[in-house]
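Numbers restart at 1 for each chain; the letters A, B, ... are given by sequence-line order, proteins then strands.
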There are 2 protein chains.
Amino acid sequence: MKLSEAEWKAMNIVWRKAPVSARDVLEDVECETGWSYSTVKTILTRLCDKGVLSMRKRANTSYFAPKLSENQARKSAIRNLLDNAFDGTFGSLLQHVAKEEKLSNKDRDALAEMLRELDERKRSAS
Amino acid sequence: MKLSEAEWKAMNIVWRKAPVSARDVLEDVECETGWSYSTVKTILTRLCDKGVLSMRKRANTSYFAPKLSENQARKSAIRNLLDNAFDGTFGSLLQHVAKEEKLSNKDRDALAEMLRELDERKRSAS
DNA sequence: TATCTTCTGCTACAGATGTAACACATGGGC
DNA sequence: GCCCATGTGTTACATCTGTAGCAGAAGATA
């Protein structure tokens with residue numbers, strides 16, 4: 001499932017706060033995006049059409065919840081990035097990151113954590 | 001600079017083989033995409049309009065070369081991914097990768113390489 | 001030079017995306 | 001029960017993207 005930029009913004013709120021109304025989402029992104037209520041509504045409706053969100057009505061208000069998990073969406077996004085820009089492989093991406101990107105200390109910590117995890121898994125697998 | 005999927009396919013060829021004609025590109029992607037000559041031409045023209053490619057005519061044929069480097073494009077792509085899906089941080093991405101994605105041995109090697117590089121740089125910086 | 005091949009520039013059109021207005025429905029407060 | 005605020009569904013429209021056809025220009029070939 002491919003999400004557009006606007007859809008990611010909406011989904012990021014839905015994942016954190018589901019079930020949410022259109023107004024809830026609006027309040028959350030208003031400052032950042034300047035969207036109108038209508039815009040939010042349209043985006044959420046389209047996400048329902050795509051099967052990414054479910055909608056349930058309570059009184060006259062619709063509440064939205066994710067049908068696609070954040071992890072699923074993230075996996076797809078990474079896959080797309082790899083396919084478009086990195087020969088389809090993580091290796092290529094990681095190499096680029098190592099050579100070209102500046103990592104913050106926080107990022108470095110995350111990386112260390114990642115290694116621990118990988119190591120652990122390798123150990124328990126063998 | 002944001003590239004679409006079709007544009008990535010074209011650019012991946014241009015970066016490897018510049019300067020290229022539309023036909024060169026076509027021959028390279030034809031099997032994979034089934035594009036017609038016209039389609040390739042349109043994509044290349046649009047990339048020129050966007051300032052991503054330069055065009056030079058020799059005889060009656062146009063040859064295209066990148067104005068945007070692959071690294072630049074990759075950086076943008078990564079940035080977009082991070083902003084959309086990972087709180088804008090590498091840390092978040094790497095954490096996801098560690099927890100959720102299966103890495104091949106090759107990927108693991110690339111990762112090790114990445115660590116060596118990072119380590120080296122840290123060492124020479126301190 | 002007449003013709004064939006190939007390239008260019010222009011035009012087209014459907015679907016996705018960003019953004020929003022508007023008319024109408026309705027639940028909640030008075 | 002009536003009105004208002006808020007929500008809904010519908011429609012709109014510009015831009016971007018995917019995909020391609022066509023007419024005319026210009027090398028290439030005989």
Side-chain angles (χ1 to χ4, degrees), chain A residues 1-14 19-65 68 73 76-77 80-81 83-85, chain B residues 1-14 19-65 68 73 76-77 80-81 83-85:
Chain A
M1 184 55 48
K2 210 165 162 46
L3 302 177
S4 77
E5 210 163 308
E7 287 168 343
W8 271 104
K9 280 203 210 316
M11 287 306 292
N12 280 326
I13 293 160
V14 178
V20 284
S21 67
R23 185 145 309 269
D24 295 336
V25 173
L26 177 59
E27 269 156 19
D28 220 290
V29 291
E30 207 165 22
C31 293
E32 193 198 337
T33 63
W35 286 343
S36 75
Y37 181 90
S38 272
T39 300
V40 173
K41 197 68 204 322
T42 303
I43 293 170
L44 294 175
T45 303
R46 285 179 185 167
L47 284 167
C48 282
D49 293 347
K50 286 193 185 182
V52 171
L53 287 183
S54 67
M55 179 187 3
R56 204 170 34 103
K57 262 193 158 171
R58 186 202 293 244
N60 73 333
T61 302
S62 301
Y63 290 85
F64 300 87
L68 180 75
S76 289
N80 280 325
L81 176 71
D83 288 344
N84 283 334
Chain B
M1 184 53 50
K2 211 166 159 46
L3 303 177
S4 76
E5 210 162 307
E7 287 169 343
W8 272 104
K9 279 203 210 315
M11 288 305 294
N12 281 326
I13 292 160
V14 178
V20 284
S21 67
R23 186 147 306 272
D24 294 336
V25 174
L26 177 59
E27 268 157 19
D28 218 294
V29 291
E30 207 164 22
C31 294
E32 193 198 337
T33 63
W35 286 343
S36 76
Y37 182 90
S38 272
T39 299
V40 174
K41 197 70 203 324
T42 303
I43 292 170
L44 293 175
T45 302
R46 285 179 184 167
L47 284 166
C48 282
D49 293 345
K50 286 194 185 182
V52 172
L53 288 183
S54 68
M55 178 188 1
R56 203 171 35 105
K57 263 193 159 169
R58 185 202 295 243
N60 73 335
T61 302
S62 301
Y63 290 86
F64 300 87
L68 180 75
S76 289
N80 279 324
L81 176 70
D83 288 344
N84 282 335

(request) For B/Ser21, check side-chain hydrogen bond (donor to acceptor under 3.5 Å, both in side chains) against everything at least two apart and list the hits. (result) B/Asp24
(message) So, using side-chain contact (heavy atoms from CB on, under 4.5 Å) as the criterion, who are the partners of A/Ala73 when residues are at least two apart?
(response) A/Leu3, A/Trp8, A/Trp15, A/Leu68
(message) Strictly by side chain to side chain donor-acceptor pair (under 3.5 Å), give each pair with a member in residues 39-54 of chain A just once, sequence neighbours left out.
(response) A/Glu7-A/Lys50, A/Ser36-A/Thr39
(request) Under 4.0 Å from any heavy atom of chain A: name the first and the last nucleotide of DNA chain D that qualifies, 5' to 3'. (result) D/dG7 to D/dA12
(message) I'd like to check the side-chain contact (heavy atoms from CB on, under 4.5 Å) partners of A/Glu30; sequence neighbours left out, ordered by chain and number.
(response) A/Leu26
(message) Could you check whether any side-chain heavy atom of B/Ile43 comes within less than 4.5 Å of a side-chain heavy atom of B/Trp35, counting everything from C-beta outward?
(response) yes
(message) Using whole Å, what does the distance between atom C1' of nucleotide C/dT8 and atom CZ of B/Arg23 come to?
(response) 12 Å
(request) State which residues pass side-chain hydrogen bond (donor to acceptor under 3.5 Å, both in side chains) with B/Asn80; sequence neighbours excluded, sorted by chain then number. (result) none
(request) Name all residues meeting the side-chain hydrogen bond (donor to acceptor under 3.5 Å, both in side chains) criterion together with B/Asp28; count only those two or more places apart in sequence or in a different chain, and write none if there are none. (result) B/Lys17
(request) Using a 4.0 Å heavy-atom cut-off, write out nucleotides 17-30 of chain C from 5' to 3' as B (base contacted by protein), S (sugar-phosphate only) or - (no contact). (result) BBBBBB----S---
(request) Mind checking side-chain contact (heavy atoms from CB on, under 4.5 Å) for A/Arg58 and listing every partner two or more places apart, or none if nothing turns up? (result) A/Arg56, A/Tyr63
